[in-house]
Amino acid sequence: MKDRQSIGLFDYVVIGAGTAGCLLANRLSANPENRVLLLEAGGKDNWHWIHIPVGYLYTMMNPRTDWCFKTVAEEGLNGRVLDYPRGKVLGGCSSINGMIYMRGQARDYDGWRQLGAVGWAWDDVLPYFRRTEDFKGGADDLHGAGGEWRVEEPRLSWEILDAFREAAVQAGIPAVEDFNRGNNEGVGYFHVNQRRGVRWNASKAFLKPIASRQNLVVATNAQVEKLEIKEARTTAVLFNQDGVSKQANVAGEVVLAAGSIGTPHILQLSGIGPGEWLQKIGVSLVSDVDGLGRNLQDHLQVRLAYKVSGVKTLNEQANSILGKVGMGLDYALFRRGPLTMAPSQLGCFAKSDPSRETPNLQYHVQPLSLEKFGEPLHPFPAFTASVCNLRPESRGEVRAASSDFREAPEIHPNYLSDPADRIVAAQAVRLTRHIASQPAMLRYQPEEFKPGPHIDGDEELARAAGDIATTIFHPVGTARMGEDSDAPVDSRLRLKALANIRIADASVMPRITSGNTNSPTLMIAEKGAEMILTDSKSGITA
């Protein structure tokens, strides 16, 4: 074994400088007596396309900012392999995502409590959402102001999106102005994590204001190889930084914030996970934790696309030299226009059938169409109504493909494997068609070309959904918390099998939230940081 360079002893080693990790580093280093190390496999967030909102088109599936993962071939997607973006840069996914501020529904968190996650009901977590938030509309009983996480209204609107909103109302879905008040049913424009037309990521929010703290070390281009474990306790984190083997010694706790893909992967490489999986790749078993890497949940979006006429969409503007020049000037001079766009501007939460207690579908409606992100927009005017099942029953897994930390893990979301999800996919297509048939939309002569109006019948629609559906980038649940024996993590985010390891990212969610998962992940980190510091004062360790 080659010699490793030791970089010192730390009270807390936070693995992953994404949405959760940036906040954790901020809170844990607030006490100057705590020596904190934050490890990030990617580089700094100093590329202009990270900060221009429309830059997600260039940051996703770009090795400069993204792990560039792919799924295995998915049976439910008719054998297709999907790109699976995950942030690999300071700020993590908050540096490449859609910037949508969404908490989900109160019933999501009450459901967590019913599943055994003590202290994670809606009334328990709401104060942590409010604590981080800087809501442009000011503070009230449900929103916070003055926190680090900036929330604003979008800086443009589109006639075609206004028409879809009106059509949804005509179809019986109420208009709303705020999706973040506990029950997000309705149609309206999303709130976004931006400040005056510029992306607001976790690095800006939580790291840059504390750059002068002498007790915080931020190491970029530092990929974790594994945890060194002796006598059921992590003694060091082994990592590779710019080709040099290094280690950080641990006096207190290791806090994993590498996300629902990275966190189980790192633990499995360390010998913690399902024993049968680890045996197959030649990793020595430290602790057989069968649930670690299982329970993967994600939102799968069915992307219905419609040609329209008599209305402007981004397709024409982006395919015109004058249009591109105009967009650039609008952004440079006023921080307005299409370059401020999140991937989706208009949202809609609805029920796939009236028997549902709360909405189980989410729409991301876009004034554009393309084959997939990264490819050119179509040369004709069109819009896309992407709709996802908020509460999928299908469950997948993440497992290490080999003992080599440089090799990507296998990601198997198992989309549409549960019959209930196939029924919801068919219902979602029908509801979209119902909305598109309303008077507000008919004036623009919408013509469905994905999947196509000739496709009908539940199984036909489910199969068509498998042909056109893509991930909406919300993997959660691979290290779920709970007090039952099968949950790898307890309600205080401690890994049950070993001492001094916590997990504070989206992987601990027992069930996926009803909406975009970035800000719920931030909430988990905020609550987790408080738990870590409280337990430290009480002499309790993970």
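All heavy atoms count here, side chains included; hydrogens, waters and symmetry mates do not. These numbers were taken from a predicted model, which means no experiment stands behind them.
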With under 30° as parallel and over 60° as perpendicular, where do the rings of Trp112 and Trp120 fit, or are they tilted in between? tilted

State, without any angle test, whether Asp108 and Thr513 hold a side-chain donor-acceptor pair at a distance under 3.5 Å. no

Test side chain to side chain contact (heavy atoms under 4.5 Å, CB included) applied to Leu57 and Trp49, step by step: CA-CA 9 Å; Leu57 291 169; Trp49 282 123; over 6 Å; no

Sidechain-backbone polar pair: Arg399 side chain, Glu410 backbone, donor-acceptor under 3.5 Å: no

Between Arg35 and Asp11, is the closest basic N to carboxylate O distance under 4.0 Å? no

Qualifying residue, where the test is side-chain contact (heavy atoms from CB on, under 4.5 Å) with Glu133 and the options are Leu522, Val151, Leu142: Val151

Do the charged groups of Arg155 and Asp330 touch, with an N to O distance under 4.0 Å? no

May I ask you to say whether Arg406 pairs ionically with Asp404, meaning some side-chain N is under 4.0 Å from a carboxylate O? yes

Which one of Leu90, Val14, Leu39 satisfies the side-chain contact (heavy atoms from CB on, under 4.5 Å) criterion with Val218? Leu90

Using 30° and 60° as the class limits, which term best fits the ring planes of His143 and Tyr101: parallel, tilted or perpendicular? tilted

Donor-acceptor pair between Arg107 and Tyr109 side chains, under 3.5 angstrom: no

Give me the one residue out of Phe190, Phe349, Phe473 that meets ring-ring contact (aromatic ring centres under 6.0 Å, His included) with His364. Phe190

Would you find a donor on one side and an acceptor on the other, under 3.5 Å apart, between the side chain of Asn518 and the backbone of Cys93? no

Determine whether a donor-acceptor pair (N or O, by modelled atom type, separation under 3.5 Å) exists between the side chain of Thr263 and the backbone of Ala258. yes

For residues 60-67, run the donor-acceptor check on the side chains, cut-off 3.5 Å, and write out each pair with its distance to 0.1 Å, sequence neighbours left out.
from, atom 1, to, atom 2, distance (Å)
Asn62, OD1, Arg64, N, 2.9
Asn62, ND2, Tyr58, O, 3.1
Thr65, OG1, Thr59, O, 2.7
Asp66, OD1, Cys68, N, 3.0
Asp66, OD1, Arg86, N, 2.8
Asp66, OD2, Met61, N, 2.5
Trp67, NE1, Gly87, O, 3.4

Is the shortest heavy-atom distance from the side chain of Ile210 to the side chain of Ser29 under 4.5 Å? yes

Can you tell me which residue pairs pass the salt bridge (Lys or Arg N to Asp or Glu O under 4.0 Å) test with a partner in residues 506-531, sequence neighbours excluded? Arg27-Glu526, Arg131-Glu530, Glu393-Arg511

Side-chain donor or acceptor of Gln301 paired with backbone N/O of Val387 under 3.5 Å: no

Salt bridge present between Glu148 and Arg195 (N-O < 4.0 angstrom): no

Salt-bridge test for Asp535 and Arg502: reply yes if a basic N is under 4.0 Å from a carboxylate O, no otherwise. yes

